[in-house]
Amino acid sequence: MKAFTSFDAWHNVLVLRLVALVVIGLLLIGGSCTNAEIKEYEIGESCFTKESLETVPWVKDQLAFFQVPKQGPLRVAVYQYRDEYYLAFENPSLSSPMSYIFNCDGKTIGEVSIHYNEFYGQNKLMTVLLEAKY
């Protein structure tokens, strides 16, 4: 197979070797990134976990409020909104859902001036920590 018609066979071999070296170099550079280096550009780990439902005092208090008998279905979910995590206690019979969505500092979305419709229109569900019926 002739790569270039204007070169003789020796030049074709050199060009093919050069192309091979460039490709190998690119593969080595691309493979040298570690997962830690890639994660630097991603959002950090969530401040809310299943353990936080049992260990963080204000989270435990909110959860206890919903665990009263006959309170109904409850879903505790972690959302990502504008590169921050929020913990939402979701119950269909709530009168003010803005009061039960918290940032990592324990402030409601109302306290940090985020409207409920804006929050649910632009968030991303990360995980569901609890689904139960009381």
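Position 1 is the first residue of the sequence; numbering continues from there.
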* To do: Using the side-chain contact (heavy atoms from CB on, under 4.5 Å) rule, take Leu129 and Val78 through it: C-alpha gap first, then chi angles, then the decisive distance, then the call.
  => CA-CA 7 Å; Leu129 300 178; Val78 178; 3.7 Å; yes

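Remark: Lys124 NZ to Gln80 CD distance equals 6.0 Å, nearest 0.5 Å. In this structure, CD on Gln71 lies 5.5 Å from CG on Asn91, to the nearest 0.5 angstrom.
Sorted by first and then second residue, the side chain to side chain donor-acceptor pair (under 3.5 Å) pairs with a member in residues 49-65 read Thr49-Glu51; sequence neighbours excluded. Within the structure, side chain to side chain donor-acceptor pair (under 3.5 Å) contacts touching residues 125-134 (residues at least two apart or in different chains) are Gln67-Tyr134.
Contact between Ser99 and Phe102 at its shortest, heavy atoms only, is O-CZ, 3.4 Å.
Taking the six-membered ring for Trp, Phe89 and Phe66 have ring centres closer than 6.0 Å. In summary, the aromatic rings of Tyr100 and Phe65 are positioned with their centroids under 6.0 Å apart.
Side-chain N or O atoms of Asn103 include none that pairs as donor or acceptor with a backbone N or O of Tyr85 at under 3.5 Å.
Residues Ile101 and Leu87 are not in side-chain contact: their nearest non-hydrogen atoms beyond the backbone lie 4.5 Å or more apart.
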Report all side-chain donor-acceptor pairs from residues 109-122 shorter than 3.5 Å, counting only partners two or more places apart or in another chain.
| residue | atom | partner | partner atom | Å |
| --- | --- | --- | --- | --- |
| Glu111 | OE1 | Thr108 | N | 2.8 |
| His115 | ND1 | Asn117 | N | 3.0 |
| Glu118 | OE2 | Tyr81 | OH | 2.5 |
| Glu118 | OE2 | Arg82 | NH2 | 2.8 |
| Tyr120 | OH | Glu90 | OE2 | 2.6 |

